[in-house]
Amino acid sequence: MSTPGEDMHTLVRRLYPLCRSITGDGVRATLDIVGEHVPLQVHEVPTGTQVLDWTVPQEWNIRDAYIADASGRRVVDFAASNLHVLGYSVPVSATMPLAELRPHLHTLPEQPTLVPYRTSYYQPQWGFCLAQETLDALPDGTYEVCVDSTLADGHLTYAEHVVPGQVPDEVIVSCHVCHPSLANDNLAGIAVATFLAKELAGRNPYYTYRFLFAPGTIGAITWLARNKERVERVKHGLVLACAGDPGQVTYKRSRRGDAEIDRVLRHVLNASERPHRITEFTPYGYDERQFCSPGFDLGVGSLTRTPYAGYPEYHTSADNLDFVSPEAMEDTLAVCREAFGVLDRNRRYLNLSPYGEPQLGRRGLYGALGGRSDAEQAQMAMLWVLNLSDGEHALLDIAERSGLAFDSVAAAADALHDAGLIKA
Ligand code: ZN
C-alpha cells in the first residue's frame, strides 16, 4: 500500500512534464489528470472576455522551441525542459549571430547551473531561458532560433470541484495551475488540494467546500468576476501553494487578520508539535491577493511551507521532483485536514439550562465517561462548554480560553447537544 504522500508525489510526477501556462492545452491536460482523482467542472472563458479590470488574453500553445548551432545541434531544447522557453513566447523562426540573440536569453548569473522560469504574458516577446554555464559555453557564430507557438483567440481554462455540505456557506480552497515544470510552486499545491478534496468527499461536511484549480492572478480574477453572487457565500478560504518543500509550514493571515480561518490556523499550528510560522497579510504572493482585495476582503489565508520566493530553488529548474517530498506534502495535507476539522465544527451554542449547573449525572453524562482515562478532561470540557455557551463564544473560543484540545471541546458539545442541554 502506498501512503497518501507517495500518491501525491506520483501525481506531481505525472503533471511535471506538462507545459502549463495561464491558458492553453497544458492547463487542460493538467485538469484531465486531476479529474481522474476528483470530478471537475471545467470552465472555458473566451479570449477578450472582460473580467473585473482585466481581459482574458489570447490562448498560448507551443509545440517545439530550440536554439541550434551551425551544425544543427540543439544547444537549448524545449523538449528537454519546458522551462527553456519564455512563457507566452510569440513564434519566431530566424537565424542570427549570438550577439543579436543575447537580448532574448535569460539566465541566472548567481546560480549558473540553473535554468530560470520566466514569462511575458502581457508584452509580446520571444525568448529562451538557459543556464548561465550553457550560455558561457556557446561560441560566437550563427544560431537558428525557433519557437513553434501559437497565440490566438481561444479560451482561459479553469476548473472547480465542489463537495456539498450541510449548509450553502462555502469554504474555498484554491491553487494555481499555470506554472510549467515547477514541482513545489504549483504542483505540490495541486496535489494537496486534490487529495484533500478526495478525503472530504465522503465526509458530509458542514460547509460546502469549493476547490478551485485556476491559473494564477487572471484565473482567480476570472472566477471572482463570474461569481459575484456566490462570493457572498464564501465564508472562509485557503490558498495553497509551495506545499511540498522541506521548510516549515507557514500560514499567512487574511487581510482581515482576525478572520475565523486565521484563528483556526493559529490554534491548529500552536496545538501541534510542528515548527511553523504565522505571518501578517501582504498584498503579494498568490491568489490571496485577489480574494483579499478590498472590494472582496474575504476571510482567505495562504498556506505554504516556505513562502513565495523564500527559497533559492524558487522559479528555477531546481524546483524539481526531488525538491518536493511525500512527507512534506503529507504534512501539509494534515495541516489542512486538522484546520478544516476545527473550522467545520466551530459553532456557537446556547446553554439551555444556564441558571446553576445542570445536573450531569442524572443525564448519564458522568456515567458515560466512567473509566475513560481522559474522563477528567472530558468533564472539564463539558463545564467549559456549558459555561461559555452564551451565544457569544464559539467552540474555538472555548478551547483557547480553557486550554483544552479543540477535539475535547467539540466532543463535549456533541454530548451536551445530544442530552438537550445546549442548542446550536
Ligand atoms: Zn510562481
Side-chain angles (χ1 to χ4, degrees), residues 11-12 15-24 26-27 30-31 34 54 57 60 62 81-89 106-108 110-111 114-123 125 127 129 156-158 173-194 212-223 238-247 249-252 279 281-292 300-324 328-329 332:
L11 176 57
V12 168
L15 297 174
Y16 185 74
L18 299 173
C19 186
R20 280 162 294 272
S21 188
I22 54 173
T23 62
V27 174
T30 298
L31 297 177
V34 170
W54 297 56
W60 185 68
I62 180 160
S81 165
N82 57 39
L83 295 178
H84 280 311
V85 70
L86 177 76
Y88 255 66
S89 271
H106 305 271
T107 63
L108 292 167
E110 309 292 311
Q111 296 167 292
L114 303 183
V115 178
Y117 164 56
R118 294 278 184 277
T119 62
S120 182
Y121 297 136
Y122 300 102
Q123 272 196 330
Q125 285 186 43
C129 303
L156 175 145
T157 312
Y158 71 89
V173 180
S174 112
C175 59
H176 61 294
V177 297
C178 54
H179 288 27
S181 293
L182 295 170
N184 194 42
D185 187 1
N186 100 337
L187 299 182
I190 295 171
V192 170
T194 302
L212 183 57
F213 299 88
T217 307
I218 188 72
I221 283 171
T222 300
W223 187 85
L238 214 46
V239 173
L240 277 176
C242 303
D245 69 83
V249 169
T250 304
Y251 176 70
K252 185 174 104 176
T279 62
F281 177 77
T282 56
Y284 209 59
Y286 294 98
D287 285 329
E288 65 275 15
R289 295 162 64 166
Q290 315 311 330
F291 299 120
C292 296
V300 174
S302 152
L303 186 69
T304 61
R305 300 193 72 83
T306 308
Y308 169 87
Y311 46 98
E313 295 84 356
Y314 175 79
H315 279 191
T316 76
S317 51
D319 181 359
N320 59 26
L321 294 172
D322 296 328
F323 185 56
V324 298
M329 284 188 279
T332 309

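In listed order, ligands and their atoms are each counted from 1. Positions are given from 1, in the same order as the sequence printed here.
- Listed by chain and residue number, the protein N/O/S atoms under 2.8 Å of the Zn ion (ligand 1) are His179 NE2, Asp185 OD2, His315 NE2, with waters left out.
- Checked by atom type, the side-chain pair Thr250/Arg305 shows no donor-acceptor distance below 3.5 Å.
- Residues Thr23 and Tyr88 have side chains that bring a donor and an acceptor to within less than 3.5 angstrom of each other.
- Between the side chain of Thr194 and the backbone N or O of Ile190, at least one donor-acceptor pair lies under 3.5 Å.
- Proximity of Val173 to Leu240: side-chain heavy atoms (C-beta onward) are separated by under 4.5 Å at one or more points.
- There is a side-chain donor-acceptor pair under 3.5 Å between Asp185 and His176.
- Checked against the 6.0 Å centroid criterion, the rings of Tyr308 and Tyr286 qualify as a close aromatic pair.
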